[in-house]
2 protein chains.
Amino acid sequence: MMELKQVILGFLEWKPLTGYELKSLFSTLDFLPWSGNNNQIYTSLIELERVGLVEKRTIQQEKLPAQKRYHTTEAGRTRLKEALLQPSEAPAIRNDFLLRLAWAQCLSASEIEGIIDEYRLRVEAELSICQERTRRGQAAQYRSKREAYVWGMLQRNREMVLETELNWLAQLRSGLAKGKKEGKQ
Amino acid sequence: MMELKQVILGFLEWKPLTGYELKSLFSTLDFLPWSGNNNQIYTSLIELERVGLVEKRTIQQEKLPAQKRYHTTEAGRTRLKEALLQPSEAPAIRNDFLLRLAWAQCLSASEIEGIIDEYRLRVEAELSICQERTRRGQAAQYRSKREAYVWGMLQRNREMVLETELNWLAQLRSGLAKGKKEGKQ
DNA sequence: TTAACCATGTAAAAAGTTACATGATTGT
DNA sequence: ACAATCATGTAACTTTTTACATGGTTAA
């Protein structure tokens, strides 16, 4: 299991960052399953430094609080590579809509139509946000063509998952409509 | 956010179950994002009973420990329906492979090919398990045709997600192979 | 003047996992 | 003899979220 700290190590290998900058990365990148709240980021950085996987430069600023800019150490790079070569599990999905649909028996046909439609709109909105980010993502700083391609594919992964969800929803709707015509029970 | 307790409420509305039976459901159904360990199940049941959403019948057995079979109350049914009508978020995905791929810059081309292939096999294996469960799932006890259809679609959702992952992986592989031919950097 | 951004951290609570604890039955 | 199934529960730990705490800058 890839841990939060290992992901932070990856970012710091990409370029030195402050806790604040990491936080904003966690809130803008879809493939990161963590919220990136203060407690996660700042305590992780302190711990990573304590065990010698990262180091920091403190930069005094005139008017703003001092920045602590972290970068990886040799030990950090070694640890990161180890983590990257571990086997990955199949994707784990948390889908609240499926949990609700499972008990659709408790709902009327029109209530089911209602929650399907509400969910479809939600997924479509999410897909739009995702596509918008893909467009803007072109501006990011990549170290190579391969890295740029890979990050494009990370974004594409999320888009494909959401598109699949919409296709599945369309199937669900037509299947339910068909069953309704053919008679209930 | 659909909670574990609400899902338990859903199962007990379907039919009265013991903690042990709930546990085995949690470990066999793919769309449930919880492990269904003892602590989750038994403390949830005790809490649900305490607040009056479920009740139990204790059944003495000759040779085995007593079963506590839980069923929903009227308040439980009301609470469940409330939860079902709440809006659902877009699916949240935890994909460790994406987290590793993000830092592929740290790996050689052949190491990347290695982790892609390992992951592909993992996803294919998961898809097989999933398809096998779909076949067996036909035997389950459903309260209506609609319920049988919906549960089939729950299973189909997971299959489609895994198929999409395999398609995406194929794209990734060919894209990386193409980039390699065109020259590095 | 109000919101967003910059910038750091800590405390408390909730959610989730692993391990501990007990013990009989049934099939290989 | 060993593993799997049946059946319940608790303790300790890890992970994650939410809220608290501080305080200056910048743009609408």
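No experiment lies behind these values; they were computed from the predicted model shown. The chains referred to below are lettered A, B, ... by the order of the sequence lines, with proteins before strands, and numbering in each begins at 1.
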Taking OP1 and OP2 of [N], is either one under 4.0 Å from a side-chain nitrogen or oxygen of [X]?
X       : N      : answer
B/Trp34 : C/dG16 : yes
B/Ser35 : C/dT17 : yes
B/Gln40 : C/dT17 : yes

Between [N] ([atom2]) and [X] ([atom1]): distance, integer Å:
X       : N      : atom1 : atom2 : answer
B/Leu22 : D/dT5  : CG    : C1'   : 17 Å
A/Leu4  : C/dG16 : CG    : C1'   : 16 Å
A/Ile41 : C/dA7  : CD1   : C1'   : 14 Å
B/Phe26 : C/dG16 : CZ    : P     : 10 Å
A/Glu3  : C/dT17 : CD    : P     : 15 Å
A/Arg94 : D/dT17 : CZ    : P     : 11 Å
A/Gln60 : D/dG24 : CD    : P     : 16 Å

Within one Ile-Leu-Val-Met-Phe-Trp-Tyr cluster: B/Trp103 and A/Leu85, side-chain cutoff 4.5 Å
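As far as the 4.5 Å side-chain criterion goes, A/Leu85 and B/Trp103 are connected within one cluster.
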
Count I, L, V, M, F, W, Y as connected when their side-chain heavy atoms are under 4.5 Å apart, and connections chain through other members. Are A/Val7 and A/Val51 then in the same cluster?
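Linked, A/Val7 and A/Val51 end up in one cluster.
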
Partners passing side chain to side chain contact (heavy atoms under 4.5 Å, CB included) against A/Glu49 (at least two apart in sequence or in another chain):
A/Val54, A/Lys56, A/Tyr70

Polar side-chain atom of A/Thr18 near backbone of A/Arg69 as donor-acceptor pair, under 3.5 Å
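No: the side chain of A/Thr18 does not pair with the backbone of A/Arg69.
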
Minimal non-hydrogen separation, A/Ser27 against A/Arg133, with atom names
O-NH2, 4.1 Å

Verdict with reasoning, B/Arg122 to B/Glu118, per salt bridge (Lys or Arg N to Asp or Glu O under 4.0 Å)
CA-CA 6 Å; B/Arg122 185 72 196 82; B/Glu118 193 180 23; over 6 Å; no

Between the protein and nucleotides 6-11 of chain D, are there any N/O to N/O pairs under 3.5 Å, and if so, what are the atom names and distances?
from, atom 1, to, atom 2, distance (Å)
D/dC6, OP2, B/Tyr20, OH, 3.0
D/dA7, OP1, B/Gln61, OE1, 2.9
D/dA7, OP1, B/Gln61, NE2, 3.2
D/dA7, OP1, B/Gln67, NE2, 3.1
D/dA7, OP2, B/Gln67, NE2, 3.3
D/dT8, OP1, B/Lys68, N, 3.1
D/dT8, OP2, B/Tyr20, N, 2.8
D/dT8, OP2, B/Tyr42, OH, 3.0
D/dT8, O4, B/Asn38, ND2, 2.9
D/dG9, OP1, B/Lys68, NZ, 2.4
D/dG9, N7, B/Asn38, ND2, 3.2
D/dG9, O6, B/Asn38, ND2, 2.6
D/dA11, N6, B/Asn39, ND2, 2.2

